[in-house]
Amino acid sequence: MSTRTFGSRIKRNIDPKLLRGEGSFVDDIPLAHPLHVAFVRSPFARAKILSVDTAEAKAMPGVCAVYTCDDIGALDLELPQLIPHPSMTDPRTQRPLAREDVFHVGQPVAMVVAVDRYTAEDAATLVWVEYDPLPVELDLERAVADGAPLVHAGHPNNVAADFRQICGDPATAFVQAEHVTRIRVQVDRSTAAPMECRAVAAVHDPVTGELTVWDGTQAPISVRGALASILGIDEDKVRVIAPDVGGGFGQKVYQFYPDELLVPMAARQLGRPVKYIEDRRENFIGSSQERTQIHEIELFARKDGTILGLRDVFLHDTGAFIPYGIAIPQVASTSIAGPYRIPNIDVAFRCVYTPTVPVTPYRGCGRPQANFAIERAIDQLADELGLDRFEVRRRNLVADHEFPVLREGLLFADGLPVSLDSGQYHRALAMLEDRLGVAAFRAEQERARAQGRYLGLGLAFYVEGTGLGPYEGGHVRIQPITGKVYVNTGLTSQGQGHDTVFAQIVADQLGVAVEDVIVVEGDTKAYDWGVATFASRAAVVSGNAIHQSAAIVRAKTIEAAANMLEVDREDIDLRDGAAWARGTNRSVSLAAIATATNPLRYAFNEAAKAATQFAPASRHDGPALRPGEHPGLEATDYYSPPCATWAYGVHGGLFEVDPETCAVKVLRYVCVHDCGTMINPTIVEGQVMGGIAQGFGGALYERIEFDAEGNPVNANFVDFLVPYATEVPPVEILHLETPSPLNPLGVKGVGEAGCIPVGSVVASAIEDALRPLGAGPFRHVPITPSMIHAALAGA
Ligand code: MCN
């Protein structure tokens, strides 16, 4: 394979369209006279439903239907538990419309369908629901205490699951330790806040029985499977299309939200297109969130800073329901030892129901919390032992020759033991230290302090298991007539630029221009085996599948071209959209080769005419197709990773904290990262940058606030602060490329990496800055100005 475009900084194909406002999102899909949906949502965090009266709403002109749980027949069920785990008994999931009980503010109780959204919204206010509110406990630690009000009966202490994993011999290591560091850290709840909220539209064709659903989802194939199973129809009669999607960040991965089932149901029943476009407030109170965890972590070490063992016990807030099982805390618990050579690990967690929006993975999925725990603990260990924070890390980082590092006993989200596959951790740390100019900064910090300015340096290392299975596939086809190459895959993009990187992979294999490769994603009619976009897996899983398919097409093309040009296969060179007989000026275009596979079919085409002379049909040694041969230059192959491949990186920043205003200013921010071989460094940098922006949100600004009754009090962009471009600093990104030994392309994922260590870096830097004032430690994110103020006041 040549390396002409793989690894190149090619601009994303999709950007001109999106920047010109020519994207086509669910709300842009032209539908003939669609009906519109509004939901009646619970205003209580926990309540009994005493009655629901829809008569007045139904009577309103323009209202076509009002559904409660009693009106949806067989669909009145608990939605599927997506990732079962033996640690959960009776895991609770959401019903499409609440029956008897509501479990969080925002839970859908009734659905109104009307001629326009205004009418639907007005009618929703005329659905009269009588509630009997029940007591609630929102605080995670109090929720697990005896006597706390229960979210779900039969789940004492609100425990959804308890799980513990052990690696090595922690008990012995703990006894041998000369020093123990203990800290408690907390990460608060946040939300993905995609630019486009969620959206679903559906059309049912009564003649063909086909149901077409446009869904701003990360998982069209899974949505189709769920719809077909629940509605009891053939999968072939359900087509799910994810058109352009304005960000997902995990929130739009397959949780099977009520609207994803109810909108198609209504379209079938009412015989009209139906659509639901979530508004921003609904996104805050109805679409899933993540992050709250409280860790009690202990490091058992020698006096020289060598860590012998780690114990971590943490609480994980799972919200009102647990559709994703223990996936998030399991990822957190298996990431807890980070890049460090910690042989003995004891980690246990408890998933806790709270009467809040359900929790499912949000970019990072448990890793930012684990990172905050281990990195804050390492800083603390260094401080307690009087060692430099870089030095303690250096003493414990896995060395290059120690890979693979198997953490037997710690099962990752794929059910397999954690095994760090490759990396250059020491080099990454040295690059960061060098780029930050640590020695010079320390001198500057001293000078600044003398002038009453408080500068601080923070750093944090992370590892990230990426590229989870089970599998993805790719279909590659050289088009007859035009010679363009079409690539179909099962997953879908929400802004990751897959169409460009997948085109790069194929272009190199087939010797065509990237612009001549058209990638089609997110349409179950175009490709229908696959899983979804999550877990930073597209490059690893789909990338390798497409690479393999393209390799088969390449071989077929070379075989056909060798026949046509009457040379050996080894003498064929694919470049510039043609197959060349090496060392000659004889060539045949890929269009002609693809066309020649069936000259009759393309008899009206000039290329076909020209190619007829080469057609396999003109082979005089037997039938046009030999047994097992298929016509056309196309192939489908699948890739199933053996286990996760572990990306990593280290971030560091220089910050200034103003003790008067408590404002935090980022002076410099440096990221050294390694996602294996990079397919497109520009896209990788965009991903890293986007992740860091979200990381700054979690570090300094974003917290979903509830009052004591469980009402979200900042469910809007005025009160819930996402960082704007003005808050996200320029980032100096340095790359390392240690290929993954686990897959043919040597790639690891990068989509989530950026957000993982930012909270740890920011806390580390603020602590360093305010050390002379005795304020700190900082072990709770986001770190708001009022928290800094309180720390200074308490100093
Ligand atoms: N890439 C590359 N070289 C590598 C690794 C990746 O060129 N060695 C490219 C990939 O080909 C892809 C992009 O970088 O175009 C991200 O790749 P990958 O890490 O495989 O992640 P996925 O494509 O599977 O995307 C999922 C990941 C996740 S889990 C979240 S959450 C997230 C993210 O991507 N949500 C996003 N990035 C996002 N970016 C945008 N704009 N919007 C979201 O919703």
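Indexing begins at 1, ligand by ligand and atom by atom, following the structure's order.
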What protein heavy atom sits nearest [atom], and how far off is it?
atom                    : value
atom 7 (O) of ligand 1  : N680 N, 3.1 Å
atom 8 (N) of ligand 1  : T677 O, 2.7 Å
atom 19 (O) of ligand 1 : V750 N, 2.5 Å
atom 34 (O) of ligand 1 : Q496 NE2, 3.3 Å
atom 11 (O) of ligand 1 : V501 CG2, 2.9 Å
atom 27 (C) of ligand 1 : G751 CA, 3.8 Å
atom 39 (N) of ligand 1 : Q687 NE2, 3.3 Å
atom 43 (C) of ligand 1 : F249 CE2, 3.1 Å

Is the closest N or O pair between [X] and ligand 1 shorter than 3.5 Å?
X    : answer
M678 : no
I683 : no
Q494 : yes
G749 : no
T533 : no
V540 : no
G676 : no

Between [X] and ligand 1, which part of the residue brings a heavy atom under 4.0 Å of the ligand: side chain, backbone, both or neither?
X    : value
R363 : both
K748 : backbone
V684 : side chain
V245 : neither

Ring geometry between F163 and H85 (parallel below 30°, tilted from 30 to 60°, perpendicular above 60°):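 Rings of H85 and F163: perpendicular, as their planes differ by over 60°.
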
Check the angle between the aromatic planes of F696 and Y669 and answer parallel, tilted or perpendicular using the 30° and 60° thresholds.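 F696 vs Y669 ring planes: perpendicular.
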
Measure from the ring center of [X] to the ring center of [Y] and say whether it is less than 6.0 Å.
X    : Y    : answer
F249 : Y362 : no
Y462 : W646 : no
Y648 : Y425 : yes

Can you list the ligand 1 atoms lying under 4.0 Å from a non-hydrogen atom of [X]?
X    : value
G248 : 43 (C), 44 (O)
H498 : 12 (C), 15 (O), 22 (P), 23 (O)
F534 : 29 (S)
A535 : 29 (S)
E752 : 28 (C), 29 (S)
C675 : 4 (C), 8 (N)
G250 : 31 (S)
A539 : 5 (C), 6 (C), 10 (C), 11 (O), 20 (O)

Can you spot which of D637, T636, N488 makes a side chain to side chain donor-acceptor pair (under 3.5 Å) with H475?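 Exactly one candidate clears the test, T636.
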
Interatomic spacing from SG in C755 to CG in N371 - rounded to 0.5 Å: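 Result: 9.5 Å between the selected atoms.
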
Check whether any side-chain N or O of [X] sits under 3.5 Å from a backbone N or O of [Y] as a donor-acceptor pair, and report yes or no.
X    : Y    : result
Q494 : G247 : no
D215 : V240 : no
K275 : A202 : no
Q369 : R291 : yes

With sequence neighbours excluded, what pairs up with Y324 under the ring pair (Phe, Tyr, Trp, His ring centres under 6.0 Å) test?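 In terms of ring pair (Phe, Tyr, Trp, His ring centres under 6.0 Å), with neighbours along the sequence ignored, Y324 is linked to no residue.
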
Using salt bridge (charged side-chain N to carboxylate O under 4.0 Å, His left out), reason through E196 and K252 one step at a time and then give a plain yes or no. CA-CA 11 Å; E196 182 204 16; K252 297 177 186 170; 3.6 Å; yes

Validate the cation-pi geometry between R537 and F534: distance from NZ or CZ to the six-membered ring centre under 6.0 Å, angle to the ring axis within 45°.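 Pair R537/F534 counts as cation-pi.
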
S287 and E278: side chain donor to acceptor below 3.5 Å: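 Yes, E278 and S287 have a side-chain donor paired with an acceptor closer than 3.5 Å.
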
Hey, does G543 sit under 4.0 Å from ligand 1 if you only count heavy atoms?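 G543: no contact with ligand 1 (<4.0 Å).
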
Apply side chain to side chain donor-acceptor pair (under 3.5 Å) to T360 and list each qualifying residue two or more places apart in sequence or on a separate chain.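 Expected list: Q255, S288.
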
